[in-house]
Amino acid sequence: VEKNPNATLSSDPNLASSTNDTIIALATPPGSGGVAIVRISGPQAAGLLSLLHSRGTVATERPRELVLGRAGVAGESGDALAVFMPGPRSYTGDDVAELQLHAGRAVVESVLSLGVSLGARPAEPGEFTRRAYMAGKYDLAQAEAVADLVAAESAAAASMATAQLSGRLSKRVGEVRSRIVDLAASLAANLDFGEEDLPDIDMAQVGLEVEEINSTLSDWLSDAGRGAIIREGFRVAILGLPNAGKSSLLNALVGYDRAIVTDVAGTTRDTLEETIQIDGLVVRLTDTAGITETGDHVEQIGVDRAQLVAAEAALILLLCPADQDPEALVGSLPAGVEVLGVQTQVDRLDEAVVWPEVITSHVRVSAHSGLGLDDLRRGIRRAALGTTAVGEPPLLSSLRHAQAVTGAVEQLESARTAIAEGLSMDIVAGELVLAADALGQITGDRVDQDVVDSIFRNFCIGK
Ligand SMILES: Nc1nc2c(ncn2[C@@H]2O[C@H](COP(=O)(O)OP(=O)(O)OP(=O)(O)O)[C@@H](O)[C@H]2O)c(=O)[nH]1
Ligand SMILES: [Mg+2]
């Protein structure tokens, strides 16, 4: 394969499937720090290690052992540890070499460019994991889990990714898929030998089994929303009239004075996002400008932004102290977003707010005294995940998985309709095969190349 440092994985099909070239990248975050790890994978890994490290040859002779030496042609990049992991027992399945360097920009840059000048190619985002996928170390769902684990911000997100990485989803998908394939195969066998030895198939029975599989998949789908919330976080918009205490509440929840608070109505202009965790759930809170009719151009932009944030949120906290009227805000709420009424400043004004009927759940809080904040946290958590404990992580964690399962459910529905209408067995078998293919998208058993490309594009370089 011709080496082309500008090639992208998607534009050059040879690169996607070839491990003939050797790739190099920084595997740790860029910038200065304690240690930087440069990772090399491919047939030249051993050769490069011996050129990049004073004792690289020793390292290649002692696989998986850290060897101390100096990096650079003449040791100019300082002390470094070298380790060599011969394929196929390596992360990528190829020979892999890693250098642990002093993490300075200049050190890292010089080792990387030396590696490239000696014949390695800068790795694309996710290319190491892609090679692991190509080598059959991971299926597609597991490779995605690597990226999820790297991005996980909460214990719940990490545990979902870990479960997926260990093959939990792949295994369940495989089981369901082989049930479908077996069913299709039995129909096909009956087609071929129908009149002779095999007993006639009871199509009603087939229909029942299809229904059973479909209900399993539907259960997965009903839990997929929870998976997405755990993986990506739960979006909560803080809305209210000016001076309702929105910024004060944000500050109380994040635990420090993040937003400016004054008694001037219209203090907050821009939207302001902060992330908190509630029982291992990542919650993305956005403070907004108070909703008001205003002649002030800047304030008006703030109000417009508040409306946008509200429309994109999964939950709106509608804030209202007893001396304001929540009715004034109900008209401006976006349709279809859940709303939790939050009576604020109850230390100052404790007369109960009369909530409009559409707002069915409410809590009472004081940002100053902390009263009711736990109720509010519980309310947010309930809106995100229902009353269940985070517990067993959901099986489906991404839109891609949910789409594949939805596709399978649709094909299984078609198969059932075909059975109900008494259509021929080959038509039913065809629908079943399509359902199995749809599920195979999750693990990559049946997958379009561009899907693979888009998955690995979202990785960081060096992973
Ligand atoms: N007593 C009491 N006062 C509060 C409480 N929360 C907010 N306030 C006061 O109410 C005023 C407005 O608070 P902010 O948090 O700035 O209100 P806001 O909704 O962000 O206001 P805008 O950004 O102008 O829309 C400030 O003087 C706060 O000190 C509370 O829980 N108790
Ligand atoms: Mg404010």
Side-chain angles (χ1 to χ4, degrees), residues 3-9 15 18-135 137 143 146-147 149-151 456-457 459-463:
K3 284 193 192 63
N4 174 7
N6 299 320
T8 64
L9 288 175
L15 286 180
S18 156
T19 53
N20 289 338
D21 53 348
T22 297
I23 53 174
I24 187 168
L26 177 64
T28 42
S32 49
V35 177
I37 297 180
V38 166
R39 183 182 264 175
I40 304 166
S41 177
Q44 283 179 272
L48 281 168
L49 191 61
S50 61
L51 296 169
L52 290 172
H53 190 266
S54 60
R55 297 180 66 220
T57 316
V58 177
T60 59
E61 285 160 2
R62 297 189 204 157
R64 284 175 281 278
E65 240 179 70
L66 285 176
V67 175
L68 179 63
R70 291 178 73 78
V73 175
E76 70 279 5
S77 295
D79 296 334
L81 288 166
V83 62
F84 181 67
M85 291 156 280
R89 280 180 59 205
S90 68
Y91 183 68
T92 58
D94 306 336
D95 286 354
V96 171
E98 286 178 7
L99 285 164
Q100 300 189 6
L101 308 160
H102 292 295
R105 279 172 205 279
V107 171
V108 169
E109 266 318 303
S110 109
V111 170
L112 285 176
S113 56
L114 184 56
V116 170
S117 73
L118 293 169
R121 171 172 67 73
E124 299 288 335
E127 198 173 2
F128 292 96
T129 307
R130 187 181 184 126
R131 286 190 171 190
Y133 163 63
M134 290 299 184
K137 303 212 154 234
V146 171
L149 192 56
V150 170
F456 288 100
R457 247 197 312 275
F459 272 67
C460 43
I461 290 178
K463 192 73 202 180

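Nothing fancy with the numbering, it's 1 onward along the sequence.
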(message) I'd like to know if R131 pairs up with D21 as an ion pair, taking the criterion as any Lys NZ or Arg NE/NH1/NH2 lying under 4.0 Å from an Asp or Glu carboxylate oxygen.
(response) yes
(request) Would you give the length of the straight line joining atom CG of L26 to atom OG1 of T28, rounded to the nearest 0.5 angstrom? (result) 4.0 Å
(request) Please say which of D94, I24, T22 ends up in a side-chain contact (heavy atoms from CB on, under 4.5 Å) with Q44. (result) T22
(message) Using the side-chain contact (heavy atoms from CB on, under 4.5 Å) criterion, which residues pair with A71? Sequence neighbours excluded.
(response) S77, A80, L101, V111
(request) State the CD-CZ distance between E127 and R39, to the nearest 0.5 angstrom. (result) 12.0 Å
(request) Work out which heavy atom in F84 is nearest to a heavy atom in A59; give both atom names and the distance. (result) CB-O, 3.6 Å
(request) Kindly compute the distance separating CZ (R70) from CG (D79), expressed to the nearest 0.5 Å. (result) 5.0 Å
(request) Verify, without hydrogens or angle tests, whether K137 (side chain) and S90 (backbone) share a donor-acceptor contact under 3.5 angstrom. (result) yes
(request) Taking the side chain as every heavy atom from C-beta outward, state whether V146 and Y133 have any pair of such atoms under 4.5 Å apart. (result) no
(message) How close do A143 and T129 get, counting heavy atoms only, and between which atoms?
(response) CB-CG2, 4.0 Å
(request) Mind listing the closest non-hydrogen atom pair of A45 and I40 along with its distance? (result) CA-CG2, 4.0 Å
(message) Tell me which pairs pass salt bridge (Lys or Arg N to Asp or Glu O under 4.0 Å) where either residue lies in residues 54-69, with sequence neighbours left out.
(response) R62-E65
(request) Would you name the heavy atoms of A103 and V35 that are closest together and state the gap between them? (result) CB-C, 3.5 Å
(request) Please round to the nearest 0.5 Å and tell me the distance separating atom CG of L114 and atom CG of L51. (result) 8.0 Å
(message) Nearest 0.5 Å, please: how far is CG in L48 from OG1 in T60?
(response) 11.5 Å
(message) Can you tell me how far apart CD (E98) and CG (L49) are? Round to the nearest 0.5 Å.
(response) 10.0 Å
(message) Counting C-beta onward and ignoring hydrogens, is there a side-chain heavy-atom pair between V116 and P122 closer than 4.5 Å?
(response) yes
(message) I'd like to know whether L118 forms a side-chain contact (heavy atoms from CB on, under 4.5 Å) with L52, so could you lay out the CA-CA distance, the side-chain angles of the two residues, the decisive distance to 0.1 Å, and finally the verdict.
(response) CA-CA 9 Å; L118 293 169; L52 290 172; 4.2 Å; yes
